[in-house]
Amino acid sequence: MTPLDITTQLLQVLCALALAPAFLGWVNQCRAWLQNRAAPSVLQPYRGLRKLLIKESVLAENASSLFRFAPYIVFGTMVAAAAIIPSMGTGLPMSLAADGIALVGLLATARVFLSLAAMDVGTAFGTLGARREMMVGFLAEPALLMTLFVAAMISHTTSLPLIAAELTNRAPALYPSLAFTAVAFTMVLLAENARIPVDNPATHLELTMIHEAMLLEYSGRHLALMEWAAALKLFNYACIGFALFLPWGTSREAWGPAGLALAAPLLLLKLALAGGALALIETVSAKLRVFRAPEFLATAFLLAVLGLLVHLLLGD
Amino acid sequence: MGFTFSYLNGCLAMLLAWGGIGLAGLVRPRSVEFAGRTLFPLGALCGAALAALAVASLAVPAEQTVLPLGLPGLPFHLRRDALSSAFLALLGATSVGVSLFAAGYFRRGEGTAPGLLCLEYHVFLASMGFVMLADDAYAFMVGWECMALSSYFLVTTQHRIPEIRSAGFLYLLVAHVGAISILLGFGVLQGGSWQFTFDAMRSARLDPAWASAAFGLALFGFGAKAGLVPLHVWLPEAHPAAPSPVSALMSGVMLKTAVYGMLRVCFDLVGAPQWWWGLIVLGLGLGSAFYGVIFAAVQTDMKRLLAWSSIENLGVIFAGLGLAIVFRGSNLAPLAALALMATLYHCLNHALMKSILFLGTGAVLHATGERNLGRLGGLIHRMPWIAWLTLVGVLAIAGLPPLNGFVSEWLLLQSFLFAGRVPESFVNMLLPLGAAVVALCTALAGYVMVKFFGVIFLGQPREPTLAQAPDGGILERLGLLWLALGCLALGVLPVQVIAMLEPVTRELLHLPALSWGSRWWLLAPPAAGQASYGPLALFALTLLVVFIALLALRVSIRQRTRRGPAWDCGFARLDPRMQDTAEGFGQPIRHIFEPFFAMHRELPSPFDAAPRYRVAVGDRLWTLLYEPLAGIVRAAADRAARLQQGRIATYLLYSFVTLIVLLALVL
Amino acid sequence: MNPLPLDLQLLNACASLLLLLSFSMLAQRRVVNLVNLLALQGALLCFATVLVALRTGQAHLYLSAALTLALKVIGLPLLLHRLIRRLGVYWDAEPVINPSGTMLIGLLIVVFSFGLAQPLAALASTATRSTLGIAIAVILLAFLAMITRRKAMSQVVAFLSMENGLFFGAMSATYGMPMVVELGVALDVLVAMLVLGVFFFQIREQFDSLDLHHLESLKEVE
């Protein structure tokens with residue numbers, strides 16, 4: 001554990017915290033452009049967060065302390081996840097403590113707390129959102145895990161930085177298995193982050209909403225934390241995608257501080273591209289009925305398993 | 001036997017003490033005070049002592065003794081080795097929490113008298129311990145039957161209710177069919193020596209066909225006890241029928257005796273398991289895990305839900321066991337050690353977390369008199385202690401870090417992931433699918449647990465009577481606290497726990513000592529590539545972030561919080577009936593996995609004045625397997641009934657013919 | 001470890017895409033899209049054949065690639081499109097019964113065929129043998145598609161996809177079938193297509209629909 005590693009670690013967490021709302025803003029901006037709307041500024045999510053943070057928080061009369069704690073826990077797990085994912089460097093001290101499986105576990109923890117909090121007040125929308133979130137989750141989680149497994153089988157470890165390093169160091173080659181899982185991963189990303197084919201982040205009070213339904217009772221700083229956590233989640237998923245499928249440019253220990261200096265702009269570039277792609281996908285696809293969502297996710301799960309099988313057969 | 005101290009004698013003394021405490025209950029059979037305030041806490045003390053002895057003895061070499069008891073020429077052989085110690089530790093540690101809880105739980109005027117209940121309860125505990133110490137088939141079967149009978153009486157505590165009587169009967173039936181199979185299995189294992197000590201079985205060299213037969217019989221027998229699908233039918237009936245502490249013990253510990261038996265037979269008595277046995281166990285385990293969890297998701301009775309969840313967890317345990325057998329049979333000892341460790345770890349985990357959940361439901365049941373999820377809700381306000389402690393169990397069983405359920409899941413997935421080294425290529429293809437099923441089941445377990453906790457403890461009370469529900473008493477809280485702390489300890493200190501359990505894998509797999517972690521806080525199994533897991537660091541980081549966030553918000557922003565009515569979404573009146581019911585929460589699962597359920601729906605017509613919707617979800621295996629089977633048995637019984645003529649002369653004729661045939665055969 | 005040479009990588013990618021297309025066919029509802037998927041599959045097959053031809057330098061493979069291109073990428077899809085238009089079933093969609101379940105069975109089939117292919121591939125000496133499992137899977141998945149479909153048109157498409165799988169399998173195992181066999185098969189497929197085309201019109205005239213469950217009424221014993 002060198003000082004550089006610790007710096008990378010700290011920098012990465014701070015970067016995630018700072019950049020996550022901007023990434024969300026960028027996706028929204030791209031979406032607006034693609035849909036011929038006047039685009040909000042990239043900084044809009046920050047303004048939203050600031051507004052929420054200074055507003056007072058209104059708790060429902062029968063909200064329990066679980067409801068008050070949940071935003072902190074969700075936020076904490078998301079930050080912890082950001083510390084594990086090698087978005088800027090591979091020599092992260094925290095990534096020893098949690099590999100890919102633990103990362104999936106952390107994300108599941110956040111989901112469970114979010115759902116429990118949504119059930120706490122006992123409104124129709126809250127429980128509806130919680131139920132749907134868990135429905136999406138129970139299919140998305142294994143699909144994500146299988147995606148990680150394919151990468152782990154290729155590089156013989158479940159540790160994310162090692163996977164990223166291994167995939168970068170290899171001679172460039174086509175990995176059909178990774179292609180399968182990349183598609184699966186994209187589908188999981190869309191579903192887990194309440195993006196369009198599964199959920200619509202822009203609407204409230206439609207019968208099809210999932211994520212927003214769970215946050216209906218939150219306000220003020222609690223809502224700010226939840227929103228921030230959601231932005232972090234999107235950021236984290238993008239970074240998982242980079243680590244597995246576009247690992248080039250993450251700093252290695254051997255490169256020293258120069259690597260870190262190189263990694264930061266590359267990360268920004270990747271984020272910009274990913275945000276554009278995400279906006280494009282959201283623009284060209286139609287929202288699915290809620291009951292088609294399991295089919296969508298089952299397909300993702302299937303693709304990931306298929307990728308695993310193809311890997312075993314072709315042995316790449 | 002002498003008075004020299006050995007761990008075996010120490011453990012035996014604790015079992016005897018349990019027996020003694022049980023008998024003491026008969027002194028004042030009607031006194032709840034005596035049994036509850038004196039005997040059960042004493043039993044908990046014994047459990048703590050047993051756990052301490054067992055943990056201390058894990059690394060101690062095997063000890064044997066012969067009890068001068070039993071039939072003439074057939075004394076009880078006892079042996080304590082690392083495997084026994086591990087399961088005795090599980091029994092002891094779980095019983096501490098459960099007994100403490102039970103001390104405050106049993107009330108007057110509920111079925112069996114408290115003194116008698118105390119006897120049954122402690123005999124149940126002692127017989128489970130005895131099973132784990134037995135070193136011959138005779139002692140094992142005596143312990144096994146005592147366990148089955150005492151638990152039968154415990155299940156039928158409220159024997160005046162017909163459903164409970166029939167649940168008890170079903171349990172007894174399956175238990176005995178299983179026991180016969182185990183007995184036959186021991187018969188095969190002795191391999192012609194007609195010595196029924198385990199030592200003789202270890203030295204008997206069975207040819208592969210006989211070994212496989214013994215394995216099959218053991219799998220059937222122990223599978224029936226563990227509730228593997230399709231032998232699971234008794235579980236969702238018996239667990240809800242029993243009083244909650246008993247359900248906790250049955251689910252937490254008794255099901256593990258079946259795992260113990262499988263481990264004993266496959267890795268110890270047979271000696272070298274064949275790899276394809278593992279595939280069968282793995283397949284059955286995964287099937288049970290999946291079947292169990294989807295049925296758990298659609299239950300509306302909280303204890304029945306937990307019973308199905310037990311089927312799931314035992315399925316996961318058996319999947320790990322099967323994987324260990326595959327690796328052992330393919331001579332991949334380090335991987336086998338990993339899978340076996342996952343199995344043992346999950347046994348311990350499940351014992352603790354399922355006990356928490358069953359005890360939590362017990363407390364809710366006592367406070368509200370309701371087992372139906374549709375009439376609960378909002379109890380976190382009235383029963384904060386029970387709710388928060390149950391939440392620990394809920395998070396643990398959903399497999400979330402940093403609690404213990406995740407550790408075993410992690411170990412199991414790691415062993416699946418590196419399964420690509422099995423020589424048979426076809427198996428190589430199949431095993432990752434197993435990982436997919438495990439991942440799916442764990443995620444579904446999360447769904448089930450959110451439903452369980454959310455519907456019971458969160459939201460608004462669905463019945464007005466719930467507003468008077470009292471929180472658990474001090475003993476109940478203590479019992480739950482013990483178990484919850486256990487969950488936390490197993491979750492954040494995996495390296496230490498594994499170091500303690502390691503003698504078991506060493507003994508069963510004949511391995512040298514392996515290193516499971518380079519640092520005290522970092523779990524890094526030898527077979528799992530370079531992956532590592534440090535729950536303490538992860539936990540600390542998350543807590544740090546939470547703390548910083550709290551502090552930052554408190555310092556920088558004027559904290560203003562107001563209470564207001566929940567937003568009613570534009571409806572005039574928001575009432576508790578608008579929340580999801582248990583049926584509603586399970587609806588996606590019912591919809592997605594429809595072919596697995598036998599569903600009966602009653603839909604209202606548009607013109608109903610008082611519309612009612614009802615859905616009942618049944619187990620298809622009843623109609624597909626058990627009813628035809630019952631038909632066959634009945635038909636066979638009818639055939640056999642023709643023998644019964646009622647005339648003395650006919651019976652004499654039977655005896656005469658039998659005699660002639662036997663004479664002809666012998667001479 | 002050394003990565004595979006580029007052409008084999010491309011071939012593997014082709015094979016994986018073929019498998020993916022087979023799965024999409026299982027889940028696809030619209031007949032028109034099915035035909036397009038089939039054309040795509042043919043194109044991939046053609047590409048893979050050229051790759052193998054480049055690698056091995058066997059001249060007859062170029063020919064069979066050309067044949068594939070002419071027949072499976074251009075000829076048959078055009079014919080099918082024409083048929084669809086003439087029959088007026090352009091917007092026909094059929095309910096896929098439990099798509100997730102069908103896909104799950106498909107997955108098991110893939111496991112089965114991969115397991116089946118491994119000992120077979122060990123016998124073959126070609127550089128392309130690792131894709132044999134995918135070929136078998138494509139054949140069996142097409143079979144599954146034929147079982148689960150009820151419209152005559154989609155059954156024919158599945159049948160043709162099965163033929164693609166066979167062709168690909170032959171290429172992976174032995175660098176293609178002898179030219180005579182290939183030509184024969186191609187002709188057979190063409191003739192079968194024509195016959196089926198006539199057949200469709202007959203079926204529709206008889207039942208006013210291309211739904212094959214009407215054929216169930218043709219049995220003699222009730």
Side-chain angles (χ1 to χ4, degrees), chain A residues 53-54 56-62 64 66 72-73 75-77 79-80 83 94 96-99 101-102 105-106 108-109 112 115-116 119-125 127-128 130-131 134-135 137-138 141-142 145-146 149 152-153 156-159 162 216-217 221 225 291 294 305 308-309 312, chain B residues 377-378 380-381 395 398-401 406 410 413-414 417 420 428-429 432-433 435-436 439-440 443-444 446-447 450 453-454 458-460 522 529-534 537-538 541-543 545-546 549-550 553 557 560-567 569 574 576 578-580 584-585 588 591-592:
Chain A
L53 278 172
I54 53 177
E56 71 170 350
S57 193
V58 184
L59 289 176
E61 266 145 10
N62 68 331
S64 69
L66 182 91
Y72 296 97
I73 295 173
F75 183 72
T77 49
V79 175
M94 267 317 288
L96 276 179
D99 62 345
I101 304 175
L106 264 183
T109 311
V112 165
S115 305
L116 286 178
M119 291 181 84
D120 187 55
V121 178
T123 59
F125 269 104
T127 45
L128 172 144
R131 178 194 349 129
M134 291 314 286
M135 175 183 82
F138 92 77
E141 188 185 317
L145 212 49
M146 286 297 112
F149 265 31
M153 282 198 155
H156 301 289
T157 176
T158 50
S159 160
L162 293 179
L216 272 181
E217 283 303 320
R221 59 180 187 282
L225 279 179
F291 278 119
V305 176
L308 198 64
L309 289 174
L312 286 172
Chain B
I380 195 169
H381 300 284
L395 297 178
L400 302 177
F406 181 75
W410 190 83
L413 285 175
Q414 289 286 357
L417 188 60
N428 260 336
M429 290 279 169
L433 285 189
L440 182 65
L444 274 166
Y447 189 102
V450 167
F453 191 79
L458 302 178
Q460 306 176 45
L522 198 62
Q530 289 149 301
S532 52
Y533 171 57
L538 197 61
L541 176 68
T542 314
L543 281 188
V545 174
V546 168
L550 266 172
L553 287 180
I557 300 161
R560 273 187 306 166
T561 307
R562 186 160 59 86
R563 289 271 174 179
W567 188 49
C569 308
L574 199 64
M578 288 179 186
Q579 306 173 86
D580 263 21
F585 208 87
H591 183 79
I592 296 170

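Proteins come first, then strands; the chains are lettered A, B, ... in the order of their sequence lines, and each starts at number 1. Values below: every heavy atom of this structure, side chains too, minus hydrogens, waters and symmetry copies.
Using a 4.5 Å cut-off between heavy atoms, A:Val58 contacts chain B through both its backbone and its side chain. Interface residue B:Leu522: only side-chain heavy atoms are found under 4.5 Å from chain A. Both the backbone and the side chain of B:Leu538 come within contact range of chain A, with heavy atoms under 4.5 Å apart. For A:Leu225, the part lying under 4.5 angstrom from a heavy atom of chain B is the side chain only. If you measure heavy-atom distances from A:Met135 to chain B, the contacts under 4.5 Å come from both the backbone and the side chain. For A:Leu116, the parts lying under 4.5 angstrom from a heavy atom of chain B are both the backbone and the side chain. In this structure, chain A has a heavy atom under 4.5 Å from the side chain of B:Ile592, while its backbone stays farther away. With a threshold of 4.5 angstrom between heavy atoms, B:Ala537 approaches chain A through its backbone and through its side chain. Looking at A:Leu106, both its backbone and its side chain come within 4.5 Å of chain B, counting heavy atoms on both sides. Within the 4.5 angstrom heavy-atom criterion, only side-chain atoms of A:Val305, from C-beta onward, approach chain B. Heavy-atom distances place the side chain of B:Leu395, and not its backbone, under 4.5 Å from chain A. At a 4.5 Å heavy-atom cutoff, the contact between B:Ile380 and chain A is made by side-chain atoms alone. For A:Leu145, the part lying under 4.5 angstrom from a heavy atom of chain B is the side chain only. With a 4.5 Å cut-off on non-hydrogen atoms, B:Pro576 does not touch chain A at all.
Minimum interatomic distance between B:Leu458 and B:Gln579 (heavy atoms only, all atoms of both residues): O-OE1, 4.4 Å. For the pair B:Val545 and A:Gly76, the tightest heavy-atom approach, listed with the atom from each and the gap, is CG1-CA, 3.7 Å. Closest approach of B:Phe585 to A:Thr127, counting heavy atoms only: CE1-O, 4.2 Å. A pairwise comparison of heavy atoms in A:Glu141 and A:Ala108 identifies OE1-CB, 3.5 Å as the closest pair.
Between A:Glu61 and B:Arg563, no side-chain nitrogen of the basic residue sits less than 4.0 Å from a carboxylate oxygen of the acidic one, so the salt-bridge criterion is not met.
Counting only heavy atoms from C-beta outward, the side chains of B:Leu400 and B:Phe406 never approach each other to under 4.5 Å.
When each of B:Leu543, B:Val450, B:Thr542 is scored by its heavy-atom pairs under 4.5 Å with chain A, the top score falls to B:Val450. Per-residue counts of heavy-atom pairs under 4.5 Å with chain A were compared for B:Ala549, B:Ala443, B:Pro588; the largest is that of B:Ala443. For chain B, the option among A:Leu309, A:Thr77, A:Val121 with the highest count of heavy-atom pairs below 4.5 Å is A:Val121. The most heavy-atom pairs under 4.5 Å with chain A, out of B:Ala435, B:Gly454, B:Ala436, come from B:Ala436.
Counting only N and O atoms by type, the side chains of A:Ser159 and A:Asp99 include no donor and acceptor under 3.5 Å apart. Between the side chains of A:Thr158 and B:Gln414, at least one donor-acceptor pair of N or O atoms lies under 3.5 Å. For the residue pair A:Arg131/A:Ser115, the side-chain donor-acceptor check at 3.5 Å is not satisfied.
A:Phe149 is linked by a ring pair (Phe, Tyr, Trp, His ring centres under 6.0 Å) to nothing, counting only residues two or more places apart in sequence or in another chain. Evaluation of the ring pair (Phe, Tyr, Trp, His ring centres under 6.0 Å) rule for A:Phe138 yields B:Tyr447 as partners, not counting sequence neighbours.
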